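What follows is a single structure, written as C-alpha cells, with notes after it.
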2 protein chains.
Amino acid sequence: MADSISMKNGKIVPDIVVSRLPLYLRSLARLQEEGKEVTSSQELATRLGFSSAQIRKDLSHFGEFGKQGTGYNIAFLREQLKAILNLDIEWQVALVGVGDLGHALAHYGRFSQKGFRITALFDNDPAKIGMEINGVVVQSHDEMVESIKKAGIRIAILAVPVKVAQETADKLVKAGVRAILNYAPITLSVPPEVKVQNIDPIAHLQKMTYYCQR
Amino acid sequence: MADSISMKNGKIVPDIVVSRLPLYLRSLARLQEEGKEVTSSQELATRLGFSSAQIRKDLSHFGEFGKQGTGYNIAFLREQLKAILNLDIEWQVALVGVGDLGHALAHYGRFSQKGFRITALFDNDPAKIGMEINGVVVQSHDEMVESIKKAGIRIAILAVPVKVAQETADKLVKAGVRAILNYAPITLSVPPEVKVQNIDPIAHLQKMTYYCQR
DNA sequence: TAGATTGTTAATCGATTAACAATC
DNA sequence: TAGATTGTTAATCGATTAACAATC
C-alpha cells in the first residue's frame, strides 16, 4: 500500500496515521455509548494504550478538532473522522468465495452496520451458484468482472483458496476494484493504486508463540 | 504487546521484526512447494514487497542462516524460523464464542495444519453447550477457567460479542492463557505478560476507504 | 578464479514523545 | 482568574536502507 497521500495544503499523511483513525473512531463510538459528550487526548490514549501526544499529532494532520482546556466534542470528532475516511456514504462490497469463512462473513452483521453492504457474492462451485444468502444471490466467477463493473463496486473481500487467490485478485483489479480485504494467506501482487489489507490469523498466532515458552 | 524480548546474547528483538517472521515462513513454504531448494534475500524480498536488506537484517537478530554467494537453504531456514517461533511443537487452543464466526473458525482447517489444535470450545448459550464440532464438545463459560487450567492451554481465540469481550478476557487471563487472538472490536486490557493480537476487518476496510474516492 | 550474496556497519529516514505557548 | 488541554515544535528514539568487506 502507498505510504501516504497528500492532505492539508499538500502535506502528506503517513499511512500508519491513517491506520489508527479507525481505532479512534471505535473508541469514540464506545465513549458516546457510555453517554459521554466530550473527551480528551489523554482519555483516548488511556483507552487505546497510545500516548496522548500521538493522538493529538495524528489528528493535527487533518485539522483542529479540539478546544484548549476542554478537549474534543465526541459527536463532532466522530463526524469529522468519518468524513476523512470517506465513511459518510455507504460502500458496496463484493465478497468472493463463499466457503465456510465467506459464509460467516456474509452473515456478519457489523459490515452493514458500519456502512459496508455486501451486495454481490461470487463462487465457482456450481453447487453454490444461485444460492441466496441474506438476500444476495451467489454468482459464478465467469460473471464476476462484468457484474462488478456494472455495479461500480470498488471494494472486495477475498475469501478464496490460496491457489486461486492471485488470479481472482487479477480479475477484481480488471473489474475496477480499488480495495481488497484479503483472507488468503498469500502476498497479492496488484498495481499501486489498489490497496490490499491482509487478514491472516495464523500469522498472528505464530507471532504470539514467539513470546510463549512451550 | 511488549516491544521486544531479549535474544542473541542479551540483544533485543524488536516486536516488528517478530511480526515479519511468520510472513517469511509463509513465503518459504510456498517456495518449497514450487520445488525450489535455495533462495536469496532478494527473491524473498520481491515476493513479499520488502527490501532485501530488511530481510537480512531481520534474520541477523537470530543468527546466521545463509551462505555468501549462495543464499539460504529453504528447508533449513524454515526449520530455524519454526524453532525461533516455538512452532516445533503443537499448541492447544481454546476457542471462546461459537457463533457464526466461531463456527467458521472451528472448521478452518489451516489452524491444525499449522500446528494449532483447537481442543476446547466454550459458549454461554445453553442451546450450544454440549454440541460437538469437529469432535470437540462445547462447554459452558462456567467451566472455562477450570477446564483451560486443567488442560494447560496457553492460547485462546476470542470470538464473543463486544459487550462480554473484556470480562471473558479477564477469565482467560485467570485461567493462565498467555496469548489471545481477539476478534471482538475492542481494545482489551490485559497484564503485560499476556499478548493480544486483534483482528478487525472493519478497521481494515475503513483504512482503505481513506484512499478510495467515493 | 569470477560472480553472487551474505551479515553488518553507518547513514538516512521517519515516527514518537516531551515540552510548552496559546487559549478556552 | 486558575486549571486544563490543545496544537505544534524540537528532541529523541527507532527502523529502514545503502553500501561493502567477507567469503562461498
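Nothing here was measured: the structure is a model prediction, and the numbers come from that model. Proteins get letters first, then strands, A, B, ... in listed order; numbering begins at 1 in each.
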Please give, in whole Å, the distance from C:dT6 C1' to B:Y24 OH? 15 Å

Phosphate OP1/OP2 of D:dA22: any B:Q68 side-chain N/O under 4.0 Å: no

Do any N or O atoms from the side chain of A:S40 and from the backbone of A:E43 form a donor-acceptor pair under 3.5 angstrom? yes

Does D:dA4 have OP1 or OP2 under 4.0 Å away from a side-chain N or O of A:Y72? no

Whom does D:dA21 pair with, Watson-Crick or G-U wobble, provided both distances fall under 3.5 Å? C:dT6

Distance test, side-chain N/O of B:S41 to OP1/OP2 of C:dT5, below 4.0 Å: no

If pairing requires Watson-Crick or G-U wobble contacts with both distances under 3.5 Å, which nucleotide is the partner of D:dT16? C:dA11

Does the plane of the ring in A:F76 sit parallel, tilted or perpendicular to the ring in A:F65? Use 30° and 60° as the thresholds. tilted

Rounded distance in Å - CZ (B:R20) to P (D:dG14): 16 Å

Within less than 4.0 Å of OP1 or OP2 of D:dT16, is there a side-chain N or O belonging to B:S51? no

Any chance the side chains of A:Q166 and A:D170 put a donor and an acceptor closer than 3.5 Å? yes

Gap between atoms CG and C1', on B:L44 and C:dT6 respectively (whole Å): 13 Å

Is the shortest side-chain N/O distance from B:R56 to OP1 or OP2 of C:dT9 below 4.0 Å? no

